[in-house]
Structures are given as structure tokens and as C-alpha cells.
Amino acid sequence: MSSTKYTEYDAYAAEEAAEGTVYDVGGQDWDRVVAGARDADDERLVINMGPQHPSTHGVLRLILTLDGETVNEARVNIGYLHTGIEKNMEFRTWTQGTTFCTRMDYLAPLFNETAYCLSVERLLGIEDQIPERAQIIRVMMMELNRISSHLVAIATFGLELGATTVMLNGFLEREYTLDLFEEITGLRMNHAYIRPGGVAQDLPSGAASKIRDYLDRMPNRVEALRKLMDQNPVFVARTKDVAYLDLTGCMALGVTGPVLRSTGLPWDLRKSQPYCGYENYDFEVPTQDTCDVYGRYLVRMDEIEESLKIVEQCLDRLRTAKGPVMVEDKKIGWPAQLAMGADGLGNSPRHIAHIMGTSMEALIHHFKLVTEGFRVPAGQAYVPIESPRGELAAHVVSDGGTRPFRAHFRDPSFVNLQATPAMSEGGMVADIIAAVASIDPVMGGVDR
């Protein structure tokens with residue numbers, strides 16, 4: 001639409017529009033959008049892509065203004081998947097909050113949990129009291145989760161560009177990763193495994209050998225994926241020099257993660273602002289200098305290989321790092337040495353006897369800890385970590401009670417999505433698919 005007849009809608013400042021007609025993109029606006037296009041002097045087509053579209057990488061609505069097949073304007077509309085997770089956390093205890101935030105970026109649940117728990121632990125002042133074994137397990141689980149998340153990114157990317165074989169192979173390898181999650185946490189997704197003070201429970205018997213088998217299998221499988229894509233002429237043609245966004249653009253828009261590292265800047269919070277002991281691990285930060293879709297793909301593939309190295313180091317450290325996996329302070333740490341009964345439906349009699357047979361005071365404390373929760377000193381904390389999509393952070397506020405006064409997350413998908421117009425405008429409509437897929441947004445984190 002011409003600049004004289006159209007003013008872009010701003011949900012926070014619509015009343016400040018000085019001239020022109022205001023069109024919102026909040027739904028039920030299609031008649032006005034079409035009417036505005038009809039009144040314009042030039043000929044163009046305004047189309048909806050999504051929110052229910054097989055190639056928009058989630059429940060995402062894009063409003064595109066086309067001149068033939070060239071994208072003149074791209075507007076991103078979100079909010080179709082809103083779950084109110086942050087608000088709901090205000091009505092649960094600090095520990096129960098992990099069961100909510102784990103569902104935001106549902107492809108990287110363990111990162112959501114870690115960012116939240118690190119913020120809570122900073123408010124509690126127990127950052128130095130987290131057992132070493134718990135920290136190693138956290139790192140190992142996050143790196144396994146990074147692998148599974150990147151596999152989904154590459155699998156769906158392949159499908160959206162028409163490569164079904166890539167999708168099948170990517171999801172197949174992800175299933176092997178989810179098998180490990182199920183073995184260790186009991187769930188394949190949305191684990192609530194990382195909790196304030198440590199982790200829910202130690203690795204079960206036999207988990208280490210299964211992780212070792214996984215490490216033996218994955219390098220060849222990653223190489224097979226590379227053979228499908230790295231030099232594939234169709235894939236290269238669809239991704240090289242497409243959706244260009246350089247370092248200046250990334251800095252202006254706050255873009256982080258693989259998109260930023262594809263511009264050549266090795267910005268990774270695991271290196272620049274280490275947490276959970278990442279400074280003790282040997283790994284590289286993969287970068288490219290292409291600033292395009294192909295470079296973002298290469299960064300993710302390289303990161304999978306680096307994550308495999310970190311997981312192997314974690315396994316080696318776990319052999320000597322014995323001890324608890326939850327903070328020793330009984331006023332904070334939930335029971336982390338659970339044992340299942342023979343029927344597989346509940347706790348073992350021995351575990352029940354340990355909890356209930358020690359003393360009446362211990363039983364009362366256990367009951368209050370689980371039902372009421374622990375108190376967190378008044379204050380606020382912001383802790384960022386490096387998720388598969390970039391900087392993920394939790395800003396947690398406490399009023400001194402047993403529940404978060406406020407919990408707000410800096411989700412990288414939400415921030416990175418604003419780069420869509422910069423990547424897409426001036427390109428072909430088919431390149432919109434590649435651009436959004438290279439950002440790899442997860443709408444559960446955007447619409448939290």
C-alpha cells in the first residue's frame with residue numbers, strides 16, 4: 001500500500017496515527033485490508049499466509065503484499081496460540097512453576113526450566129550450593145535437547161521446501177533423543193525435570209550406557225543428513241543468498257542464536273556468560289559468514305556435532321561426580337531420591353517409610369514443602385541462557401511469598417520473528433518459507 005494511504009497499525013499507539021487509514025492485523029480485519037488494497041493506485045495482491053498453513057513453521061499469520069511474485073511488504077501477526085503461561089505461574093508455587101514454563105518452547109523444554117530455575121536460585125542465594133552432579137546432568141540434558149530441537153528445525157525445514165526424506169530422517173533421529181528423555185525423566189516432552197535446587201532425580205540405572213550407545217550412533221546419522229542437504233543442488237539454490245540479514249541488521253533487531261552466528265559473530269552465552277559450569281567444557285562456537293538461510297542451516301548442523309562432544313564430556317564427569325542431585329537445604333530441596341514400587345504405580349514401601357517413618361516433624365515439613373512451597377526473598381532476578389534459538393531468559397520477581405509475584409520470559413523466537421520483514425521484503429514469495437524456517441520460531445514460546 002502506498003505510504004499516503006496506509007499507516008501500519010501499532011497496538012500500543014494506534015491513537016497517535018497522524019494521517020491515513022489505520023488497519024489492524026488482530027483478526028476480523030480482512031475486509032478493511034482488501035478495501036485498502038483496492039483503493040491503492042498501483043496493482044498488487046494482498047494475501048494471508050497462515051495462521052493455519054503447512055509451511056509457516058507453526059500457528060503464524062503473515063500478511064503479504066505482492067507485486068507479481070515479489071514481496072513488497074510482509075507483516076507478522078502472532079497471538080493465535082496464547083496459553084497464559086506466565087500469568088498462570090503466579091498462582092502456583094515456585095517449584096510448580098517448572099510444569100508451566102516447560103511448555104512454552106515445547107521443542108526446548110529443558111532450557112525453559114533451566115532459565116527459570118537459575119533465576120529462582122539467584123533470588124534464593126543458593127547458586128553456589130547446587131550439587132556438582134546436578135549441574136552436570138543439567139548440561140547434559142540441555143545439550144541433548146539442543147540436538148533434538150535442531151533436528152526438528154532441519155526436518156521441518158526440509159519438509160517445507162519439499163524434501164520429505166529430510167523430514168523423515170530428522171524426526172527419526174529425534175525419536176532416539178526422546179527415548180533418552182523418557183528413560184531419564186519419565187516423559188518425552190514437558191519434563192519439569194530441572195527444579196530449583198537441582199534436578200528431580202538422579203539418572204536411572206542403565207541410562208549412562210544408553211547415552212553411550214546414542215553417542216556411538218549419532219555421528220554417522222548426522223553425516224547422512226549432511227549428504228542429503230549440504231551439496232544438494234535444489235536445496236542450495238533455495239537457501240544460498242536467500243533471506244539475507246547481516247550483523248548490523250541482527251544487532252538492530254536484537255536477533256540472537258544461529259541467525260546471529262551465521263553473520264560471523266561467535267556470540268554464545270555458554271562462552272560469553274557461562275552458567276551451570278559451561279566454562280569447564282571444551283567446545284567451539286560454530287559460525288558462518290554467509291548471512292543467509294544456507295549459513296543458518298550449517299550453523300545448526302555444526303552445533304549438533306559440538307553438543308555431542310559436550311554430552312560425552314558430561315558422561316565422563318558423571319563417573320566421578322557422586323553425591324546428591326538436589327540442594328542439601330531441606331527447607332528448599334524437594335525429595336530427589338524417588339523409588340518406584342513393584343507395581344510401577346507409586347512409590348516403593350521403603351521410600352514411603354523413609355518419608356513417613358522418620359518423625360512427625362519430618363512428615364509435617366514434607367507435607368508443607370510440597371503443598372505450600374518454600375518462600376523466596378523479595379527481589380528480582382534476570383538470568384539468560386543460550387537456547388537452540390538464541391538468548392532465552394527468565395525475569396522473576398518475588399514479594400517474599402511462596403509463589404512468583406511475576407514471571408516474564410525473554411523468548412528468542414518472539415524477538416527473532418521481527419526479522420521476517422527485513423529478510424523477506426524485496427524477495428520472492430517462495431523465499432518467505434525459507435526465511436521463516438531459517439529463523440526456526442516455536443510459537444509456543446512466542447504466544448506464551
Side-chain angles (χ1 to χ4, degrees), residues 107-108 110-111 136 138-158 163 165-181 208 210-232 235-236 239 256-272 274 276-290 292-318 385-390 437-438 440:
L107 295 183
L110 291 158
F111 290 90
I136 296 172
R138 285 179 174 184
V139 171
M140 182 180 70
M141 296 297 285
M142 280 190 287
E143 293 309 314
L144 288 170
N145 200 175
R146 192 183 309 277
I147 294 170
S148 69
S149 179
H150 281 344
L151 285 171
V152 173
I154 293 163
T156 52
F157 189 15
T165 305
V166 174
M167 184 272 292
L168 293 174
N169 279 269
F171 273 103
L172 173 63
E173 301 314 316
R174 183 208 184 206
E175 285 299 305
Y176 283 98
T177 315
L178 298 190
D179 287 343
L180 295 179
F181 290 160
K210 292 183 179 179
I211 297 173
R212 180 67 62 186
D213 293 340
Y214 175 87
L215 293 175
D216 292 339
R217 169 190 170 84
M218 280 302 292
N220 290 334
R221 302 303 299 169
V222 173
E223 184 63 26
L225 266 178
R226 283 188 176 276
K227 288 181 179 179
L228 279 174
M229 303 176 75
D230 279 14
Q231 304 300 323
N232 186 308
F235 178 75
V236 171
T239 56
T256 55
V259 179
L260 175 62
R261 291 190 284 276
S262 72
T263 68
L265 182 67
W267 178 257
D268 188 314
L269 295 176
R270 295 175 294 173
K271 288 284 191 180
S272 60
C276 293
Y278 266 110
E279 64 273 16
N280 301 317
Y281 294 87
D282 181 24
F283 66 99
E284 301 296 327
V285 178
T287 61
Q288 297 288 328
D289 58 4
T290 61
D292 60 6
V293 173
Y294 187 68
R296 293 160 207 154
Y297 154 76
L298 291 177
V299 167
R300 290 187 175 95
M301 293 300 294
D302 292 340
E303 286 186 2
I304 290 176
E305 295 176 350
E306 294 299 318
S307 292
L308 290 172
K309 296 178 185 177
I310 297 175
V311 173
E312 187 165 9
Q313 294 173 59
C314 289
L315 274 186
D316 295 337
R317 291 170 184 266
L318 287 173
I385 67 172
E386 188 69 35
S387 87
R389 272 155 282 283
S438 72
D440 185 31

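- No more than 12 heavy atoms of other residues, nucleotides or ligands shown are found within 6.0 angstrom of NZ on Lys210.
- Considering Glu386, Glu279, Glu143 as possible partners of Arg270, the one that fulfils the side-chain hydrogen bond (donor to acceptor under 3.5 Å, both in side chains) test is Glu143.
- Using a 4.5 Å heavy-atom cutoff, the side chains of Asp268 and Tyr278 are not in contact.
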Run the numbers on His150 and Ser307 for side-chain contact (heavy atoms from CB on, under 4.5 Å), then give the verdict. CA-CA 11 Å; His150 281 344; Ser307 292; over 6 Å; no
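- Leu269 is not listed as a side-chain neighbour of Thr256, based on a closest heavy-atom distance of 4.5 Å or more.
- Distance alone, capped at 3.5 Å, is enough to place a donor-acceptor pair between the Arg261 side chain and the Trp267 backbone.
- Taking CD of Glu173 as the start and CD1 of Ile304 as the end, the distance is 10.0 Å to the nearest 0.5 Å.
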Check the pair Leu298 / Thr290 against side-chain contact (heavy atoms from CB on, under 4.5 Å), numbers first and verdict last. CA-CA 10 Å; Leu298 291 177; Thr290 61; 5.8 Å; no
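- In terms of modelled atom types and a separation under 3.5 Å, the side chain of Arg300 and the main chain of Ser438 share a donor-acceptor contact.
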I would like to know whether Leu151 and Tyr176 meet side-chain contact (heavy atoms from CB on, under 4.5 Å); could you show each step before the answer? CA-CA 11 Å; Leu151 285 171; Tyr176 283 98; over 6 Å; no
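- We find the CD-CG distance between Glu312 and Asp216 to be 8.0 Å, quoted to the nearest 0.5 Å.
- Side-chain contact between Asn145 and Phe181 is present, with at least one heavy-atom pair separated by less than 4.5 Å.
- The structure places CG of Asp440 at 14.0 Å from OH of Tyr297, a figure rounded to the nearest 0.5 Å.
- Checked against Phe157 for a side-chain contact (heavy atoms from CB on, under 4.5 Å), the options Val152, Thr239, Val166 give a single hit: Thr239.
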Under the side-chain contact (heavy atoms from CB on, under 4.5 Å) criterion, do Val139 and Arg317 qualify, and how do the steps go? CA-CA 11 Å; Val139 171; Arg317 291 170 184 266; over 6 Å; no
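- Side-chain atoms of Tyr294 come within 3.5 Å of backbone atoms of Asp230 as a donor-acceptor pair (strictly under, hydrogens ignored).
- With contacts defined as side-chain heavy-atom distances shorter than 4.5 Å, the pair Arg174/Leu107 qualifies.
- Atom CD1 of Ile310 is separated from atom CG of Asn280 by 12.0 Å, given to the nearest 0.5 angstrom.
- Among all heavy-atom pairs drawn from Ile385 and Phe111, the shortest one is CD1-O, 3.2 Å.
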Donor-acceptor pairs under 3.5 Å, side chain of residues 281-289 to any protein atom, not counting sequence neighbours: which ones?
none

Carefully, step by step, assess Asp316 and Arg212 under the rule salt bridge (charged side-chain N to carboxylate O under 4.0 Å, His left out). CA-CA 10 Å; Asp316 295 337; Arg212 180 67 62 186; 3.5 Å; yes
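- Counting all heavy atoms, side chain and backbone alike, Met142 lies closest to Cys276 at CE-SG, 4.2 Å.
- Between Glu306 and Lys309 there is a salt bridge, since a side-chain N of the basic residue sits under 4.0 Å from a carboxylate O of the acidic one.
- Minimum heavy-atom separation, Leu260 to Thr263: O-OG1, 2.5 Å.
- For the pair Ser262 (side chain) and Val259 (backbone), a donor-acceptor distance under 3.5 Å is present.
- Contact between Leu172 and Arg217 at its shortest, heavy atoms only, is CD2-NH2, 4.3 Å.
- Applying the salt bridge (Lys or Arg N to Asp or Glu O under 4.0 Å) test to Glu175 and every residue at least two apart in sequence or in another chain returns Arg188.
- Atom CE of Met229 sits about 8.0 Å away from atom CG of Asn232, to the nearest 0.5 Å.
- Shown here for Arg146 and Pro388, the closest heavy-atom pair between the two residues is NH1-N, 3.8 Å.
- One distance of note links CD of Glu305 with CD1 of Ile147; it measures 10.0 Å at 0.5 Å rounding.
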